[in-house]
Amino acid sequence: MLDKHYNPKLVEKDKYENWKSKGYFTAGDISKQKFSMVIPPPNVTGKLHIGHAFDTTIQDIIARYKKAKGFDVLWLPGTDHAGIATEAKVVERLKNLGISRNELGREKFVEKVWEWKNEYVTTIHNQWAKMGLMLDYSKERFTLDEDLNRAVNHVFKKMYDDGLIYQGERIINWDPVQQTALSNVEVIHKNIKGEFYYFKYKLYDSDEYLTVATTRPETMFGDVCLTVNPKDERYQKYVGKYAINPANGEKLIIIADNYVDIEFGTGVMKCTPAHDPNDFIIGEKYHLPHPICINKDGTMNSLAGEFNGLDRFECRKKLVEKIKNEGNLIKIEKITHSVGHSERSGCIVEPYLSKQWFVKMKQLAERSIAYQKSDDKIQFIPQRFNKVFIQWMENIDDWCISRQLWWGHRIPAYYNKKTGEVLVSEVPPKDIENYKQDEDVLDTWFSSALWPFSGFGWPKETDLLKRYFPTDILVTAYDIIFFWVSRMINQSLYLTNNKPFNKVLIHGLIRDNKGRKMSKTLGNGVDPIDVIDKYGVDALRYFLATSSTPGLDMRYSEEKVSSSQNFLNKIWNASRYILLNIDSTSDSSFEKKYLDIFDRYILTKFNLTIKNVTNNMEKYNLGAASKYLYNFVYDDFCSFYIELCKNKLNSDNINIKNNTKKILLHILQGVIMMIYPYSPFISEELYLSLPKHKESIMLESYPIYNSKEVFKDSIKEVELLKNVIKDIRLYKVNNKLAPNYSLKLKIKTSLNLSDEFINNLKYFSYSNDVSFVNESLKLNSLIYPDLEIFIEDNIDKSEVLNKLNADLEKEKFEIDRCEKLLNNPNFMKKAPKEKIKLEQDKLENHKILLQQILEKIKNLG
RNA sequence: GGAUGUUUAGCUCAGUGGGAGAGCGCUUCCUUCACACGGAAGAGGUCAUAGGUUCAAUCCCUAUAACAUCCACCA
């Protein structure tokens, strides 16, 4: 027997291991239609956070729903090697042990990272298990697996041959802490406070000077010229002359180029080709040299003279001091400007001239744009993200893919030791001794971009690939569209001639309860494991899936997790009640001939709920679906039908009694199945408590809307009863009568009410004395269309009259409203017929009520 | 500079071209044998502002404001 309260800890125990070991997570039933998803592979860098819990919960609900709907569901698990992030973690761990990465050497270091990886994959598995995820572990992948490495090499070679990958010397984003190049999306621009330094640049052989403003004085050692706008009348006369660099006393030629904005700063720009992308373009244009003055670790090199070896920011300080002492500092202006930071290390990124590998984006992007403008396009949910994607693609720069790291897919490029020639090859050349492989590895996202097909064994034509690719849906947060979603689309169209997924469900981020982004520095992160310990994973999952709208951020709210738990407890106790009243041999095959009006009513509501829930599940609108279920469970099933059954099950009619039990069981089964994708553990527990269950709820199928169990005619009478009950309760409250105070009620009606109506009116209102009368009584009463309920009670007549007059006014107002609408010729001409009928019916009802009230007033007077 | 989103009850948020909903909080009452992790009743909203379209607008359109996010630029 079930306990009085639902205990998540007991309920969640052992179930996951059981499901897994029984093979319920394993896809492969080819008699069914397939449904496939790939998990966004989490980084093997640490614990999963609440954002992962959110993302995977949505996917698990979809997976479980589809499985229950009869699909062969494959949800592919996997993890990402996460180059920079993981390498940084391992470097730090080794450092704490007093070991340096470089001393260890490449091979040994990579071994250490594999150890780390194995450790964290275990942690991730444990967390997936806690979340209850229906992942097919038999097909699990890691982005650095051998198979995936083959895929990566294959793609690199193909793109190189197609001219889509090239090597070039360019200004890239350099992370001086990790000492690697970064792509543009790995740079986060932040508005920070800085200084704008105004320096005197004396003209060569003259007493005059130009004022040049810069935010980065330390790069002055790499300057090659000063630039002004040719149209700038202030400076035209200086073009072609020389100025003295106050940092090192060197001569700088003054050139003219339209790039310079006359309005900005002083209109004179210093040009540092090796440390600024725009300056680099100018440098190329005028064939200027591009001296590098900063080392890879962010310290100054010998070009900086006395500052050689100093950190770049330390140098800035000292250099400004020096220039000031020499009388060449004019002023320092405080400004707020946007500065690029490394996504991983957080340090300020250095624009840096270096030789790297790039993916040419134009061609790939054009194809994706055309595809996303076609009818066959991948459907973004919500749709507006397609626009975000297209705009991004239209403005995309080439993608820097080489990283100066050890952990990752090593670039399959080999340099001939004698000639220096580059050989790109999927496998090492046979005469490897004559070659040296490129030292760099690829951007992690290069392999992630292949995930929806490389995970199934591509480029081999595997059975998995043939059956499960393209996948049906990808679920991820909007912040990952540029990193991942867009690249998967590009690569999939290019490599497989197919889309990677039919749909993309985009969700938002989880913020803290004050709406702030969760961050390590604020310490406001929420650990899903803590929440699970307190409220259970089912409540967490229910909260995550139902408290958000696609594409919008949500706030974490402990109150809502708690109220989710209360809802589950409600279902638990409804089950408990039903199980207490049926026996182990019961089944749910009720008979139609014994259905009374309330049975028909609840079956109608139940089936409409199935319809609404299913429709929303099909649209992946998990929040809306859950609301239909929630309202049905509380309002229709628990508050009304189960309460009513307490009376009904006392009936002398054994057929009615048994039929009622079957209906209760039938509906309970449906409710459990509909809550199951959201909260699988409690659902399994309840399911297994039901008579005649299968081995697991995971083998059960989803309830199906049955139009033969919809009895629209039942609604009116039952709603009337509900209203009467409510009014009687209110009457008692208003007259300070105890809830169980028994009123004498007399009913006058022209309606053909069922016996159950009277029976249940007695039951719900604690009124033992209820009977029909023919004539109107001079008593206090509740008035409904075609129905009046007299209450025998000692109530002041004048109060009754007051209330009646108030009701009268209300009715007049309503009638007025309806008549106005119906007398509007435009409304009658243009409004839909159903709406007109609705308003006509309303008017009719209000008129009847008005008549009854008038009559009542007359009788009382 | 460009784009997108948000604005609805005290708080957090759903939602719809045809009389506004939930959770939590609040008020009153009830420990009635599924559940006090509960039940019953209730208070509380010019649906940001101004125009427009429509028989009808909280919803569609156009502006405006506040807040948020993304992209680009910044010598």
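Every chain is numbered from 1, with letters handed out A, B, ... down the list of sequences. Because the structure is predicted, anything quoted here is derived from the model rather than measured.
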Nucleotide nearest A:Arg384 when distance is taken to its side chain, options B:rU32, B:rU4, B:rC24
B:rU4
When rounded to whole Å, the CZ to P distance for the pair A:Phe482 and B:rA3 reads 15 Å
Decide if the gap between the ring center of A:Phe389 and the ring center of A:Phe385 is smaller than 6.0 angstrom.
no
For A:Lys373, the salt bridge (Lys or Arg N to Asp or Glu O under 4.0 Å) test, sequence neighbours excluded, returns A:Glu394
Throw together a table of side-chain donor-acceptor distances under 3.5 angstrom for residues 186-201 of chain A, partners on residues two or more places apart or in other chains.
from, atom 1, to, atom 2, distance (Å)
A:Glu186, OE1, A:Ser183, N, 2.8
A:Glu186, OE1, A:Ser183, OG, 2.9
A:Glu186, OE1, A:Arg403, NH2, 2.6
A:Glu195, OE1, A:Tyr197, OH, 3.2
A:Glu195, OE2, A:Lys334, NZ, 3.2
A:Tyr198, OH, A:Glu333, OE1, 3.1

If only side-chain N and O atoms of A:Thr549 are considered, is one of them under 4.0 Å from the OP1 or OP2 phosphate oxygen of B:rA14?
yes
Check whether any side-chain N or O of A:Lys736 sits under 4.0 Å from OP1 or OP2 of B:rU28, and answer yes or no.
no
Output all residues satisfying salt bridge (Lys or Arg N to Asp or Glu O under 4.0 Å) with A:Lys842, sequence neighbours left out; order by chain, then residue number.
A:Glu839
NA contact type, A:Leu552, heavy-atom cut-off 4.0 Å: base, sugar-phosphate, or nothing?
sugar-phosphate
Expected output is a numbered-order residue list: members of residues 212-220 of chain A with a heavy atom under 4.0 Å from any atom of RNA chain B. What is it?
A:Ala213, A:Thr214, A:Thr215
Looking at A:Asn823 and A:Glu819, would you say the former's side chain and the latter's main chain have a donor-acceptor pair under 3.5 Å?
yes
Check the distance between B:rC33's C1' and A:Arg576's CZ and give it to me in whole angstrom.
10 Å
Which of these nucleotides, B:rU32, B:rU69, B:rA34, is closest to any side-chain atom of A:Tyr766?
B:rU32
Treating primed atoms plus P, OP1 and OP2 as sugar-phosphate and everything else as base, which nucleotides of nucleotides 37-45 of chain B get B, S or - for protein heavy atoms under 4.0 Å?
BSSSSS---
What side-chain donor-acceptor pairs closer than 3.5 Å can you find for residues 550-557 of chain A, not counting sequence neighbours?
from, atom 1, to, atom 2, distance (Å)
A:Asp553, OD1, A:Tyr478, OH, 2.8
A:Asp553, OD1, A:Leu509, N, 2.8
A:Asp553, OD2, A:Tyr478, OH, 3.1
A:Asp553, OD2, A:Arg511, NE, 2.8
A:Asp553, OD2, A:Arg511, NH2, 3.1
A:Ser557, OG, A:Glu559, OE1, 3.4
A:Ser557, OG, A:Lys560, N, 3.1

Return the set of residues passing side chain to side chain donor-acceptor pair (under 3.5 Å) with A:His846 (not counting sequence neighbours), or none when no residue passes.
A:Glu811
Roughly how far, to the nearest 0.5 Å, is the CD atom of A:Gln372 from the CG atom of A:Asn386?
4.5 Å
Categorize A:Cys271 for me: base, sugar-phosphate, or nothing, with a 4.0 angstrom heavy-atom threshold over every strand shown.
nothing
Is it true that A:Tyr766 and A:Tyr741 have ring centroids separated by less than 6.0 Å?
no
Tabulate protein N/O versus nucleotide N/O from nucleotides 58-63 of chain B, keeping only pairs under 3.5 Å, one per line.
none

Nearest-angstrom distance from the residue atom CZ of A:Phe380 to P of B:rG5:
15 Å
Give the stems involving RNA chain B, where a stem is 3 or more consecutive Watson-Crick or G-U wobble pairs (i with j, i+1 with j-1, and so on) under 3.5 Å.
B:1-7 with B:65-71, B:10-13 with B:21-24, B:26-30 with B:38-42, B:48-52 with B:60-64
Which part of the nucleic acid does A:Lys560 contact within heavy-atom distance under 4.0 Å: base, sugar-phosphate only, or nothing?
base
Salt bridge (Lys or Arg N to Asp or Glu O under 4.0 Å) partners for A:Lys362, two or more places apart
A:Glu366
Under 4.0 Å, heavy atoms only, any strand: does A:Asp261 hit a base, just the sugar-phosphate, or nothing?
base
side-chain hydrogen bond (donor to acceptor under 3.5 Å, both in side chains) contacts touching residues 257-278 of chain A (sequence neighbours left out):
A:Thr219-A:Lys270, A:Asp223-A:Lys270, A:Asp223-A:Thr272, A:Asp257-A:Lys285, A:Asp257-A:Tyr286, A:Tyr259-A:Asn278, A:Lys270-A:Thr272
Do A:Ile381 and A:Val504 have side chains that approach each other closer than 4.5 Å (heavy atoms only, starting at C-beta)?
no
Listing time: all N or O pairs from protein to nucleotides 16-21 of chain B that are below 3.5 Å?
from, atom 1, to, atom 2, distance (Å)
B:rG18, O2', A:Lys835, NZ, 2.4
B:rG19, O6, A:Glu814, OE1, 2.6
B:rG19, O6, A:Arg817, NE, 2.9
B:rG19, O6, A:Arg817, NH1, 3.3
B:rG19, N1, A:Arg817, NE, 3.1

Are A:Asp512 and A:Lys514 within salt-bridge range, i.e. N to O under 4.0 Å?
no
